[in-house]
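Data first, discussion second: the structure below is written as structure tokens.
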Amino acid sequence: MRIGLGYDSHLFESGKPLVLGGVVIPECDGLKAHSDGDVLIHAVIDALLGAAALGDIGSHFPDTDDRWKGADSGELLRSVVYELRGAGYSIENIDVTVICERPKLRPFADLIRSSLAKLMSIGIGRISVKGKTNEGMDAVGAGKGIAVHAVALLR
Ligand code: MG
């Protein structure tokens with residue numbers, strides 16, 4: 001068994017859709033990023049790569065490379081899972097905590113779990129997605145962006 005920890009944060013940016021775990025969240029600003037800004041998937045990718053000691057999202061998909069401009073993070077996740085399987089790993093479980101003042105995550109948690117399950121070709125029972133606010137503290141608490149922590153266990 002190998003465990004990995006992932007973290008990511010992005011600032012809100014108006015005029016684009018908010019995508020979390022491959023799910024478009026309505027009535028909320030999107031996130032500033034080179035890719036589609038799916039902060040949740042970015043944290044999951046880093047947890048997976050960290051568990052396998054295979055680098056990080058930046059080394060696999062550099063934001064200086066125009067190939068990844070506006071990239072669908074779901075496709076990046078698919079390719080990382082493919083690489084891990086090739087290296088002999090299977091995913092035991094993923095646990096994610098999303099920290100933001102808005103949107104409220106709970107109504108979307110099961111949709112996001114189902115989306116991640118499809119992208120990673122694993123059962124939804126292996127994926128947990130939880131939402132928290134930062135109780136008004138710091139930039140995330142001031143509603144400037146979203147931060148995500150993820151843990152992955154590989155077998
Ligand atoms: Mg990111």
Side-chain angles (χ1 to χ4, degrees), residues 1-58 60-61 63 70-78 80-81 84 89-155:
M1 296 282 202
R2 298 182 61 122
I3 194 166
L5 170 67
Y7 172 81
D8 197 21
S9 60
H10 284 257
L11 289 165
F12 284 117
E13 182 176 73
S14 57
K16 58 193 287 196
L18 176 63
V19 187
L20 288 177
V23 174
V24 175
I25 311 291
E27 292 167 23
C28 198
D29 284 343
L31 297 169
K32 191 173 171 173
H34 186 68
S35 68
D36 61 3
D38 195 326
V39 62
L40 193 157
I41 284 184
H42 297 176
V44 168
I45 286 174
D46 264 358
L48 291 167
L49 290 173
L54 283 173
D56 62 19
I57 190 169
H60 281 64
F61 314 105
D63 63 7
D72 176 348
S73 297
E75 290 310 311
L76 308 187
L77 177 58
R78 265 189 219 279
V80 164
V81 169
L84 291 178
Y89 294 108
S90 65
I91 298 163
E92 186 62 30
N93 75 303
I94 303 276
D95 187 21
V96 179
T97 298
V98 179
I99 308 166
C100 56
E101 304 302 304
R102 62 194 160 79
K104 288 283 168 234
L105 247 286
R106 194 165 303 142
F108 302 101
D110 284 343
L111 275 175
I112 292 171
R113 291 174 65 218
S114 157
S115 164
L116 292 173
K118 274 191 206 116
L119 289 168
M120 293 192 277
S121 304
I122 61 176
I124 192 170
R126 294 184 185 276
I127 301 169
S128 156
V129 173
K130 314 180 300 300
K132 304 281 290 179
T133 73
N134 216 28
E135 298 272 338
M137 291 182 286
D138 301 333
V140 170
K144 291 189 192 309
I146 300 181
V148 179
H149 298 268
V151 179
L153 192 68
L154 301 182
R155 201 150 28 93

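When reading the values below, keep in mind they use all heavy atoms of this one structure, side chains included, and skip hydrogens, waters and symmetry mates. What you see is a predicted model; the values in this text were computed from it and never measured.
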Can you find a pair of side-chain heavy atoms, one from [X] and one from [Y], that are under 4.5 Å apart?
X      : Y      : result
Leu76  : Ile41  : no
Leu54  : Leu84  : yes
Leu48  : Ile91  : yes
Val129 : Ile94  : no
Asn93  : Ile127 : no
Cys100 : Val98  : yes

Return the minimal non-hydrogen interatomic distance between [X] and [Y], and the atom names on each side.
X      : Y      : value
His42  : His10  : ND1-NE2, 3.4 Å
Ala53  : Arg2   : CB-NH2, 3.7 Å
Gly123 : Ala117 : C-CB, 4.2 Å

| field | Arg102: partners by salt bridge (charged side-chain N to carboxylate O under 4.0 Å, His left out), with sequence neighbours left out | value | none
| Lys130: salt bridge (charged side-chain N to carboxylate O under 4.0 Å, His left out) partners, not counting sequence neighbours |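 Only Asp95 meet the salt bridge (charged side-chain N to carboxylate O under 4.0 Å, His left out) criterion with Lys130.
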Pair listing, salt bridge (Lys or Arg N to Asp or Glu O under 4.0 Å) test, anchored in [range], at least two apart:
range            : value
residues 17-26   : none
residues 103-112 : Asp110-Arg113
residues 35-48   : none

| message | Could you work out, with side chain to side chain donor-acceptor pair (under 3.5 Å) as the rule, every residue matching Asp56, not counting sequence neighbours? | response |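 Only Ser59 meet the side chain to side chain donor-acceptor pair (under 3.5 Å) criterion with Asp56.
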Measuring from [X]:[atom1] to [Y]:[atom2], what's the distance to the nearest 0.5 Å?
X     : Y     : atom1 : atom2 : result
Tyr7  : Ile99 : OH    : CD1   : 7.0 Å
Ser73 : Asp8  : OG    : CG    : 9.0 Å
Ile45 : Arg78 : CD1   : CZ    : 12.0 Å

Sequence neighbours excluded - ring pair (Phe, Tyr, Trp, His ring centres under 6.0 Å) pairs with any residue from [range]:
range            : result
residues 98-146  : none
residues 18-38   : none
residues 114-148 : none

If you look only at distance, which donor and acceptor atoms sit under 3.5 Å apart when one is on a side chain in residues 140-155 and the other is two or more places apart or in another chain?
residue: Arg155; atom: NE; partner: Glu92; partner atom: OE1; Å: 2.5
residue: Arg155; atom: NH2; partner: Glu92; partner atom: OE1; Å: 3.2

| Test ring-ring contact (aromatic ring centres under 6.0 Å, His included) applied to Phe61 - qualifying residues, sequence neighbours left out |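 So Phe61 forms a ring-ring contact (aromatic ring centres under 6.0 Å, His included) with Trp68.
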| field | Pair Ile124-Leu116, side-chain contact (heavy atoms from CB on, under 4.5 Å): steps then yes or no | value | CA-CA 8 Å; Ile124 192 170; Leu116 292 173; over 6 Å; no
Pairs of donor and acceptor atoms involving the side chains of residues 13-30, under 3.5 Å and at least two apart or interchain, shall be tabulated with distances.
residue: Lys16; atom: NZ; partner: Leu31; partner atom: O; Å: 2.8

